[in-house]
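Structure record follows, encoded as structure tokens.
Because the structure is predicted, anything quoted here is derived from the model rather than measured.
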Number of protein chains: 2
Amino acid sequence: MSLQERKERERAGRERLIVATAREIAEGQGWDAVTTRRLAERIEYSQPVLYSHFRGKREIIGAVALEGATEMAAAVRGAASGANGPRERVAALARAYLDFAERNPAVYDAMFQLDGGLTFAREDTPEPLKDAFAALLESLGEVAGDGVHPGLFTETFWAALHGLATLTRAGRLPPEHTEIRVELLVDRLAIA
Amino acid sequence: MSLQERKERERAGRERLIVATAREIAEGQGWDAVTTRRLAERIEYSQPVLYSHFRGKREIIGAVALEGATEMAAAVRGAASGANGPRERVAALARAYLDFAERNPAVYDAMFQLDGGLTFAREDTPEPLKDAFAALLESLGEVAGDGVHPGLFTETFWAALHGLATLTRAGRLPPEHTEIRVELLVDRLAIA
DNA sequence: CTTGGTTGTCTAGCGGTGCTAGGATCCAAT
DNA sequence: ATTGGATCCTAGCACCGCTAGACAACCAAG
């Protein structure tokens with residue numbers, strides 16, 4: 001069945017191409033510029049081909065989000081592993097998180113701002129999303145403090161980071177003192 | 001010049017009607033349902049009339065955002081004034097903030113998620129936005145702690161609240177333990 | 001009382017969007 | 001060589017934000 005295998009390989013390759021191209025356009029010109037026409041043209045196929053891979057634009061956003069979640073998990077783990085002691089680990093994690101959001105704004109939006117048709121915080125949540133949260137939990141759980149549920153603490157800390165990331169990028173917060181805000185957050189929230 | 005005054009009054013009234021109707025549709029069916037056609041139909045005028053009041057849809061969103069900012073400032077001040085002691089004031093403020101976001105999701109989106117063409121954190125920032133931030137600062141500045149700039153502390157605390165509000169409403173955080181998360185935030189961040 | 005210009009509003013339409021029905025093309029199996 | 005199925009494209013739908021140009025209602029000047 002080599003023929004069928006080859007076709008499936010090609011199909012999978014084209015799907016990756018769609019996702020990568022969508023991401024590329026979004027990072028370059030924003031998600032508004034990711035139209036099905038433009039996307040189709042860039043991959044050199046007609047629009048309906050997109051719909052043989054994804055139900056619609058929302059699912060393409062979702063695919064980019066999953067890709068981003070995997071990368072973010074790796075970035076967070078990488079930063080945490082290079083730091084000594086719980087407090088420094090958390091600080092490194094926070095910086096890595098915000099750095100990821102700043103360097104990949106479109107991907108970050110796909111994950112947390114836009115509707116990618118994904119379910120969060122449930123059993124049927126896709127693995128990459130669970131793993132990204134797990135990556136946060138691994139370092140943050142250590143500094144939750146006595147009597148505080150690690151998962152709940154992670155959620156709260158994450159929310160704070162998310163707020164900083166989104167408000168800063170949307171121009172709601174001046175970007176100058178990000179580092180001070182992060183230190184404030186780490187110093188007060190984390191119990192070393 | 002009574003005639004001209006009457007015309008201006010009518011014009012102002014229609015402008016309020018546009019903003020109120022936009023808000024109504026948005027709260028009921030989301031901002032995506034606020035189309036210029038639907039909005040025009042609801043106010044019983046044709047589309048171009050909208051453009052004689054606002055440059056475009058973005059400015060209508062901005063107008064809803066300003067209205068919301070005024071209300072949020074009042075809600076926050078009201079909650080804070082009914083509490084004794086800095087710590088309790090901050091807790092009440094946090095609850096009021098999240099409550100406002102939950103009860104007025106479309107308005108909250110207009111303020112902080114969508115592009116309403118507004119400038120934040122600058123000299124030319126519209127008064128209602130500055131005042132909403134000031135309302136937060138009044139209570140939060142008290143608990144910044146020694147050596148921490150009150151404005152910066154307020155921004156950070158606000159970001160944390162914003163993160164909780166948005167992640168919860170977007171289904172990224174389970175809504176069950178909001179109260180515990182708020183208490184965690186207040187207990188750790190606020191220095192009474 | 002009639003004109004002429006201003007002001008206000010509407011109809012109609014432009015170029016774009018996400019998405020899909022139906023037809024053309026190609027290739028393996030008969 | 002013919003058939004049947006998979007694959008892909010052309011063409012189009014209903015909707016979007018926005019605007020040009022026609023048209024009616026009004027007030028001021030003659």
* To do: Would you check if Thr35(B) and Ile25(B) make a side-chain contact, meaning some heavy-atom pair closer than 4.5 Å?
  => no
What is the distance, to the nearest angstrom, from the [atom1] atom on [X] to the [atom2] atom on [N]?
X	N	atom1	atom2	answer
Asp32(B)	dA14(D)	CG	C1'	16 Å
Trp31(A)	dG18(C)	CH2	P	11 Å
Glu44(A)	dC8(D)	CD	P	14 Å
Arg55(A)	dT20(C)	CZ	C1'	15 Å
Leu50(A)	dT7(D)	CG	C1'	14 Å
Arg14(A)	dC9(D)	CZ	P	8 Å
Lys57(B)	dT19(D)	NZ	P	15 Å
Arg37(A)	dA11(D)	CZ	P	13 Å

* Is the shortest side-chain N/O distance from Thr36(B) to OP1 or OP2 of dC18(D) below 4.0 Å? -> no
* Classify the side chain of Gln47(B) versus the base of dC18(D) as yes if they form a donor-acceptor pair under 3.5 Å and no if they do not. => yes
Contact class for [X] vs. all strands (heavy atom < 4.0 Å): base, sugar-phosphate, or nothing?
X	value
Arg38(A)	sugar-phosphate
Arg58(A)	nothing
Arg11(B)	nothing

* Val34(A) or Ser52(B): which one's nearest nucleotide on DNA chain C is closer to the 5' end? -> Ser52(B)
* **Most 5' of Thr35(A) and Pro48(A) on DNA chain C, judged by nearest nucleotide** => Thr35(A)
* Structure fact -> Minimal heavy-atom distance between Leu137(A) and Pro150(A), with the atoms involved, is CD1-O, 3.6 Å
* Lys57(B) with Asp115(B): basic N within carboxylate O range, under 4.0 Å -> no
* Asked: Can a salt bridge be assigned to the pair Arg77(A) and Asp131(A) using a cut-off of 4.0 Å between side-chain N and carboxylate O?
  -> yes
* Asked: Picking from dC9(D), dG17(D), dC10(C), which would you name as closest to the side chain of Ser46(A)?
  -> dC9(D)
* Tell me whether the guanidinium CZ or amine NZ of Arg14(B) lies under 6.0 angstrom from the six-membered ring centre of Tyr45(B) and within 45° of its axis. => yes
